[in-house]
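First the structure, in the form of C-alpha cells, and then the observations on it.
Quick caveat, the model's predicted, so the values are computed rather than measured. We count ligands from 1, going down the list as the structure has it; atoms in each ligand are counted the same way.
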Amino acid sequence: MLTIWGRKNSIKVQKVLWCCGEIGLNFRRIDAGREFGINDTPEFLQLNPNGLVPTIEDDGFVLWESNVIVRYLATKHRAHVLYPPDLRSRFDVERWMDWHATTLWPTLRPVFFGLIRTPPEQRDHAMLRKAQIGAEQAFGILVRHHSDRPYVTGETFTIGDIPLGIAAFRWYALDIARPVLPSLDAWYHRLRERPAFQANVAGPLS
Ligand SMILES: N[C@@H](CCC(=O)N[C@@H](CS)C(=O)NCC(=O)O)C(=O)O
C-alpha cells in the first residue's frame with residue numbers, strides 16, 4: 001500500500017496526488033506539514049531528514065522529493081504515455097520538470113508567498129513587482145516553446161505538464177495583472193479539464 005504524507009494544499013504534494021490520479025492509484029494520505037505538524041517529529045525525520053512533504057512509503061520503500069516521486073510512480077506503474085520510455089521523449093519531460101524547479105517556481109514563489117502568505121501591511125511591493133516581471137518572463141519562455149503543441153512536450157499530456165500546471169494554477173488564481181497569452185490559456189484550459197487536476201489541484205489558494 002502506498003502512503004503519502006502531506007497536506008493537500010502543498011504545491012509539491014499536489015504533484016504527487018495529481019500523478020496518482022492520472023495513473024489511477026489507490027493510496028492512503030496522512031495530513032502533515034504546517035498546521036498539521038508531524039513533519040518535525042523524530043519518527044518523520046527518520047523517513048525524511050529534511051522534515052518536508054511530500055514523503056511516501058511504498059511497500060517499505062521510502063522516497064522524498066516530489067518530482068522524483070512522480071517519476072518513480074510513473075515508472076513503477078509503467079505509465080508509458082505519461083512518462084515515455086523513448087530516451088529523447090523522456091528527457092524532454094525531465095527537462096520541463098527541472099525547469100519548473102529551477103526557473104519557473106523560483107520566480108513565481110515570491111509572488112505567491114508575497115500575496116497569499118503575507119498580510120497586506122507587510123507586503124514588499126517593489127519585490128513583488130520584480131518577482132511578477134520574472135514570472136511573466138518565465139511563462140513567456142514556456143509560451144514560445146510550446147505554442148504550437150497541445151502539451152508541453154507534444155501531442156499528449158505527460159508528467160512534464162504536472163509541475164508546470166500546478167504553477168500555472170497559482171498564477172491564474174492570483175489577483176494580479178497578467179499579459180495576454182492565448183496559447184498558455186489554451187494549454188491551461190486543457191489541464192483544468194482533467195479530472196485528476198480538478199480533484200487534486202483546483203481549490204482555494206492558501
Ligand atoms: N524539493 C522538495 C521540497 C518540499 C517542500 O518544500 N515541501 C514544503 C511544502 S510545499 C514543506 O514541506 N514545507 C513545510 C511544511 O509544510 O510544514 C520537493 O519537491 O519535494
Result block: side-chain N/O donor-acceptor pairs under 3.5 angstrom for residues 159-166, not counting sequence neighbours:
residue, atom, partner, partner atom, Å
Asp161, OD1, Val152, N, 3.0
Asp161, OD1, Trp187, NE1, 2.9
Asp161, OD2, Thr158, N, 3.1

Which ligand 1 atoms, with their elements, are less than 4.0 angstrom from a heavy-atom of Pro54? 20 (O)
Of the side chain and backbone of Ile69, name the one, both, or neither that has a heavy atom under 4.0 Å from an atom of ligand 1. neither
Arg194 and Glu22: CA distance, side-chain angles, deciding distance, salt bridge (charged side-chain N to carboxylate O under 4.0 Å, His left out) verdict: CA-CA 9 Å; Arg194 304 185 77 84; Glu22 294 288 347; 2.8 Å; yes
Ranking Leu52, Asn50, Val16 by closest non-hydrogen atom to atom 3 (C) of ligand 1, top hit is Leu52
Thr3 and Arg28: side-chain donor and acceptor closer than 3.5 Å? yes
Give the C-alpha distance, both sets of side-chain angles, the deciding distance and a yes or no for salt bridge (charged side-chain N to carboxylate O under 4.0 Å, His left out) between Glu94 and Arg71. CA-CA 9 Å; Glu94 302 274 350; Arg71 292 195 278 254; 2.9 Å; yes
Val53-ligand 1 polar pair, N/O distance under 3.5 Å: yes
Could you list which atoms of ligand 1 come closer than 4.0 Å to a heavy atom of Gly33? 15 (C), 16 (O), 17 (O)
Lys/Arg cation over aromatic Phe112: Arg170, 6.0 Å, 45° cone: yes
Go through the side-chain N and O atoms of Asn9 and Ser206 and say whether any donor and acceptor fall under 3.5 Å apart. yes
Check for me, please, whether Trp105 and Ile133 land in the same ILVMFWY cluster - side-chain distances under 4.5 Å, paths through other members count. no
protein heavy-atom neighbour closest to atom 20 (O) of ligand 1 works out as Ser66 N, 2.8 Å
shortest atom 16 (O) of ligand 1-to-protein heavy-atom contact is with Arg7 NH2, 2.9 Å
Looking only at distance, does Glu65 have an N or O less than 3.5 Å from an N or O of ligand 1? yes
Nearest non-hydrogen protein atom to atom 15 (C) of ligand 1, with distance, is Arg34 N, 3.4 Å
Lys/Arg N to Asp/Glu carboxylate O, Asp31 vs Lys8, below 4.0 Å: no
Is the closest N or O pair between Ser10 and ligand 1 shorter than 3.5 Å? no
Can you list the atoms of ligand 1 that are under 4.0 Å from a heavy atom of Asn39? 14 (C), 15 (C), 17 (O)
